[in-house]
Structures are given as C-alpha cells and as structure tokens.
Colleague: 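One structure follows; several queries about it will come next.
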Amino acid sequence: QVQLVESGGGLVQAGDSLRLSCAASGRTFSSTTVGWFRQAPGKEREFVQAITWNGDRTYYADSVKGRFTISRDNAKNTVYLQMNTLKPEDPTVYYCAAYRGGGSYSGTSSYGYWGQGTQVTVSS
C-alpha cells in the first residue's frame, strides 16, 4: 500500500512559479510510476504529468508543455512538480497518484492511490 501527501501549494500571481511535492510512504513507491493531476471546481480531474519509477521517461499534457517539469527522488520517496509561468486559468487543486498498471498514464482509472490534494491559486 502507498500513502501520498502533497504539499507546496499556495497563492501566487500570474507568471510566478511553485514547486509541489508528493511525499510517499510504502515499500513499493520507488518502483512505481507516479502522476500529477489537477482539477478545477466543477470540472473533471485532468492529467498533468507522469514519471516512471526510475525517472527515465516522463509524460505530459500539452497544456503544461514547456512550463511544468516532473522529477523524483526515490531516496526521499518524493516526486516533485515544478510549475513555472503559472496562469490564472490553471486549475486549482493538484493531486499526485500512484500508477497501478493496466492503462494509460494519463487516465485517472489507471491510478490506485491518491493524495488529498494541494490548493494552488493564481491571481491575475
């Protein structure tokens, strides 16, 4: 079993940067692909980025290309999401999740464990 806790959210201005962290517990974390998702009020949760267990491959949504970067430190059981040039239209709650296999890295149903989310608010 994997438990995930996100942190690093906050209130920033458009164009600012934030780095989110996803701290995990569980022996299998270092061998698991991890994804970041986000959700705006009243909308479906959407894929942001994913990183394989050893960091050799990453996947991203077109909406964050060139702005967001995912990375991980397995020695610290932590995955990061560096977000640059934040926009007011970027959705507000960010979640990390552990991939359970059997589906696309961009699909929410492919992930079996989720954190509680961290709030990101971008003012214009």
Colleague: Please work out whether the ring planes of Tyr59 and Tyr105 are parallel, tilted or perpendicular, with thresholds of 30° and 60°.
Modeller: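 Tilted, since the angle between the ring planes falls between 30° and 60°.
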Colleague: Determine, using the 4.5 Å side-chain heavy-atom cutoff (strictly less than), whether Leu86 and Val48 are members of one ILVMFWY cluster.
Modeller: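 Shared cluster, yes.
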Colleague: Hey, is CD on Glu89 packed in by over 12 heavy atoms from elsewhere, all under 6.0 Å?
Modeller: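 For Glu89, atom CD is crowded (more than 12 foreign heavy atoms under 6.0 Å).
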Colleague: Mind checking side chain to side chain contact (heavy atoms under 4.5 Å, CB included) for Ala40 and listing every partner two or more places apart, or none if nothing turns up?
Modeller: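 Partners of Ala40 by the side chain to side chain contact (heavy atoms under 4.5 Å, CB included) criterion, ordered by chain and then number, come out as Lys43, Pro91.
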Colleague: Are any of the side-chain heavy atoms of Ser25 and Asn77 separated by less than 4.5 Å?
Modeller: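 The answer is no, as the side chains (C-beta and beyond) never meet within the 4.5 Å cut-off.
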Colleague: I'd like to know if the side chain of Glu6 and the backbone of Ser21 have a donor-acceptor N/O pair within less than 3.5 Å.
Modeller: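 Answer holds: no.
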Colleague: Atom OG1 in Thr85, atom CG in Asp90: separation rounded to 0.5 Å?
Modeller: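 Here the rounded value is 9.5 Å.
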Colleague: Walk me through it: do Ser7 and Thr118 pass the test side chain to side chain contact (heavy atoms under 4.5 Å, CB included)?
Modeller: CA-CA 6 Å; Ser7 61; Thr118 186; 5.5 Å; no
Colleague: Under a 4.5 Å side-chain heavy-atom rule over Ile, Leu, Val, Met, Phe, Trp and Tyr, are Val34 and Tyr94 clustered together?
Modeller: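 In one cluster: yes.
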Colleague: Test: disulfide (SG to SG under 2.5 Å). Region: residues 31-71. Which pairs qualify, not counting sequence neighbours?
Modeller: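 Every candidate disulfide (SG to SG under 2.5 Å) pair involving residues 31-71 fails, so no pair, neighbours aside, qualifies.
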Colleague: Could you walk me through whether Asp73 and Tyr80 satisfy the side chain to side chain contact (heavy atoms under 4.5 Å, CB included) test, starting with their C-alpha distance in whole Å, then the side-chain angles of each, then the deciding distance to 0.1 Å, before giving a yes or no?
Modeller: CA-CA 8 Å; Asp73 185 342; Tyr80 304 98; 4.1 Å; yes
Colleague: Distance from Leu81 atom CG to Gln49 atom CD, nearest 0.5 Å?
Modeller: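 It comes to 6.0 Å.
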Colleague: State whether the side chain of Ser110 and the backbone N or O of Ser104 hold a donor-acceptor pair below 3.5 Å, judged by distance alone.
Modeller: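 Such a contact is found between Ser110 side chain and Ser104 backbone.
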Colleague: Under 3.5 Å, is there a donor on one side chain and an acceptor on the other for Asn84 and Ser17?
Modeller: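 Short answer, yes.
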Colleague: Once rounded to the nearest 0.5 Å, what's the spacing between atom CE of Met83 and atom CG of Leu18?
Modeller: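 The CE atom of Met83 sits 4.5 Å away from the CG atom of Leu18.
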Colleague: Does the side chain of Val93 come within less than 4.5 Å of Val120's, by heavy atoms?
Modeller: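 They are not in side-chain contact.
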Colleague: Report yes or no: is the cationic atom of Arg38 (NZ for Lys, CZ for Arg) under 6.0 Å from the centre of the six-membered ring of Phe47, at an angle within 45° of the ring normal?
Modeller: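 So Arg38 doesn't make the cation-pi contact.
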Colleague: For the CD atom of Gln13 and the OG atom of Ser124, what is their distance to the nearest 0.5 Å?
Modeller: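 That separation rounds to 9.0 Å.
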Colleague: What pair of heavy atoms forms the shortest contact from Thr92 to Pro41, and how long is it?
Modeller: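 Closest heavy-atom pair between Thr92 and Pro41: OG1-CD, 3.6 Å.
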Colleague: Run the side chain to side chain contact (heavy atoms under 4.5 Å, CB included) check on Leu4 and Trp114 step by step: do they pass?
Modeller: CA-CA 6 Å; Leu4 306 170; Trp114 293 83; 5.7 Å; no
Colleague: From Thr32 OG1 over to Tyr111 OH, what is the distance, rounded to the nearest 0.5 angstrom?
Modeller: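 Thr32 OG1 to Tyr111 OH: 11.0 Å, rounded to 0.5 Å.
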Colleague: Apply side chain to side chain contact (heavy atoms under 4.5 Å, CB included) to Ile70 and Tyr60, showing your working.
Modeller: CA-CA 9 Å; Ile70 192 171; Tyr60 59 87; over 6 Å; no
Colleague: With a 4.5 Å heavy-atom cut-off, do Tyr95 and Gln39 have their side chains touching?
Modeller: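 Yes; the side chains approach each other to less than 4.5 Å.
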Colleague: Could you tell me if the side chain of Phe37 sits less than 4.5 Å from the side chain of Thr108, heavy atoms only?
Modeller: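 Of all side-chain heavy-atom pairs linking Phe37 with Thr108, at least one is under 4.5 Å.
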Colleague: With a 4.5 Å limit on heavy-atom distance, are the side chains of Arg72 and Thr78 in contact?
Modeller: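 No, side chains not in contact.
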Colleague: In terms of heavy-atom contacts, does CD of Gln3 have more than 12 from other residues, nucleotides or ligands at under 6.0 Å?
Modeller: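 Counting neighbours around CD of Gln3, 12 or fewer heavy atoms of other residues, nucleotides or ligands fall under 6.0 Å, so no.
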Colleague: Is the side chain of Thr52 donor-acceptor paired with the backbone N or O of Arg57 at a distance under 3.5 Å, no angle test?
Modeller: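 Yes: the side chain of Thr52 pairs with the backbone of Arg57.
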Colleague: Hydrophobic clustering (ILVMFWY, side-chain heavy atoms < 4.5 Å, transitive) - are Leu20 and Ile51 grouped together?
Modeller: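 Yes, Ile51 connects to Leu20 through the hydrophobic network.
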Colleague: To the nearest 0.5 Å, how far apart are OG in Ser31 and CG in Asn74?
Modeller: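 Answer rounded to 0.5 Å: 8.5 Å.
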Colleague: Using the ring centroid of each side chain, check whether Trp53 and Phe29 are separated by less than 6.0 Å.
Modeller: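 Here the rings of Phe29 and Trp53 have centres that are no less than 6.0 Å from each other.
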